[in-house]
Structure formats: structure tokens, C-alpha cells
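Atoms within a ligand are numbered from 1 in the order they appear, just like the ligands themselves.
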Amino acid sequence: MELWFSEHQTPDLSLGLRLRRTLHREHTRFQELLVVDSEAFGRVLCLDGTIQVTERDEFFYHEMLVHLPLMAHPDPRRVLVIGGGDGGSLREICRHEVVEAAVQVEIDPAVMAASRAYLPTLAVGFDDPRVDVRVADGIAFVREHREAFDVIICDSTDPVGPAQGLFEADFYRSCRTALRPGGILAVQSESPLVNADVVRRVALGMNAAFGQSHLALGPMPTYPSGLWSYTLATAAGDPRRPLPSRPLPERLRYYTRDIHAASFLLPPFVEEILAPATEP
Ligand code: AG3
């Protein structure tokens, strides 16, 4: 008998993966966690029925979310990741030699345990000596810090449940306070085709906190619509260009300096989503 997993991305749209087998299923304190092995995308970690990472395409997402801010900051020594319990963002952060400390704040320890058990290519991120993992609420953690980080990366789930507050202006204001001068905030901001409302809300919230924000686009085959967005903001500077002084990590599979610059060029339908957020 064939075994399939489907994520119902919207009430009218599903993405289906034929499975080899189910590896792990658990009700954690926060969510329903599932790890499956799929024919097309390798191992897949899902939370509350939504695909978080697949072994095959996670590099599109993690390389964009991490290297956009880290290549745009002149000296990113202290980096904070909110969420990202699979370890993929940490793995990419640790490719940068200049990084002295990578702090991860994940609310659900079960996600990290599942990643260690089933997703070794992502969980390698936890093994670097510069990494400091905290099990805590990211919103509260950021609120308790001032001028403590050069880059903050928000590697969250969709804006439902505990992640909702990570998409609000108040959180972005706390991030601004927690950043050192010249610091950059980078967040995953969902699909402009399926979640235009979220894309707009993030832009408005980050504009309120930082005075401006910049949207980058990239492909993400297993996320809703396959077109994903990342939003960056900084109180000083412009994150839309990689800095020539920053060395490019080796063996990247998606990110290049040219792709960095190109990802901020937006098609008209995306400009339209942002228009009310950017016009006076
Ligand atoms: N965080 C973004 C997940 C969003 C996916 N949404 C969905 N499948 N409906 C991924 C975390 C990876 N470190």
C-alpha cells in the first residue's frame, strides 16, 4: 500500500509526498511533531502538519535566511537565532569564521532532539563550540537584551500558536534594542503568493521599528507556492548588497553575491503588496 503525507497549505491546495516510512511521531508540549522519510525530498520534519525542513531543499531557505544578513554586516561577531530548532541556521552561521558566538533560543526542545536523531545534516549546526543553545521563549529572551547581537535571525514557523508574536511590531522593536549599532534583523516572512497579508504585516511592523525594511525573494519548493520571502531591516546601512570585505563561505549551494543583490529585485505583484507599507 502506498503511504503519502500531504500538507494542506491552504484549504484549496495540498503538497503531497510519497513516503518510504514514518520515522517519528510525538505530541510535544507545544506541537505535533512528525518526521517522515519521503521518496522525493528525503527526510522531512513537520510541526502541526506543516513542513519545516526537507533534506533536499532546506539549503535554499537556510542559505538565504542566514547569508543575506551575515554578508551584509561588516563584522557579525554575535548572532542570535530565534527558533530554528532543526539546527540548519546554526550550521550556516558557523560557516562564517568571524562569528564568535551563535546563540539559539528555541522554545521546544523536542524539535532539537528529533533533529539530532533523524536529521544529521542539519543538526551538525549544534556541534560547533561557538554555539550556545537555550530552551526559552524567544520573545522574552530578546526583551531581556540590549545591544547584545550584531545579527538576529528569526527562523520561525508560520504565524500561528507560539510563533504569532514573532510577526509583530513590538517584537521587532525589542530586536532593535537587542541589536548593537549597525545590527541587522532578518526574518522568514512567508509566501507573497499565499500569505500576502503576512508579508505586508511584517513589512509594516519592521518599518515601524526600524524606519525601513527590505524584502528578498527565493525559491522554496516544499513551502506554500514554492516562492518564499525574507525581510531584513537595520537602523544603519543597506542590507541589499553583500559587502565586498566579507569572505564568502565555501561550498554553498544556493547563495552567491549576485543572487544576494538579485533577490531584492521585486516583481510588480510583490511591490504592490508592499506599496501601502512603503509609501508615506
Ligand atoms: N521555518 C519556516 C517554515 C514555514 C513553512 N510553512 C509551511 N510549510 N506552511 C522553517 C524552519 C527551518 N529551520
Contacts for ligand 1, heavy atom under 4.0 Å, by chain and number, are E7, T50, I51, Q52, V53, Y61, H62, D86, D155, S156, D158, Q188, Y223, P224, W228

Separation of Q164 CD from D158 CG (nearest 0.5 Å):
11.0 Å

Flag, side chain of R78 to backbone of E100, donor-acceptor distance under 3.5 Å
no

Side chain to side chain contact (heavy atoms under 4.5 Å, CB included) between V36 and R21, intermediate numbers included
CA-CA 6 Å; V36 294; R21 63 195 175 117; over 6 Å; no

Answer with yes or no whether the side chains of H96 and R246 bring together a donor and an acceptor at under 3.5 Å.
yes

Under the criterion ring pair (Phe, Tyr, Trp, His ring centres under 6.0 Å), I'd like the reasoning laid out for Y172 against F167: C-alpha separation, chi angles, the key distance, then a yes or no.
CA-CA 8 Å; Y172 303 140; F167 291 77; 7.8 Å; no

Who are the ring pair (Phe, Tyr, Trp, His ring centres under 6.0 Å) partners of H214, not counting sequence neighbours?
none

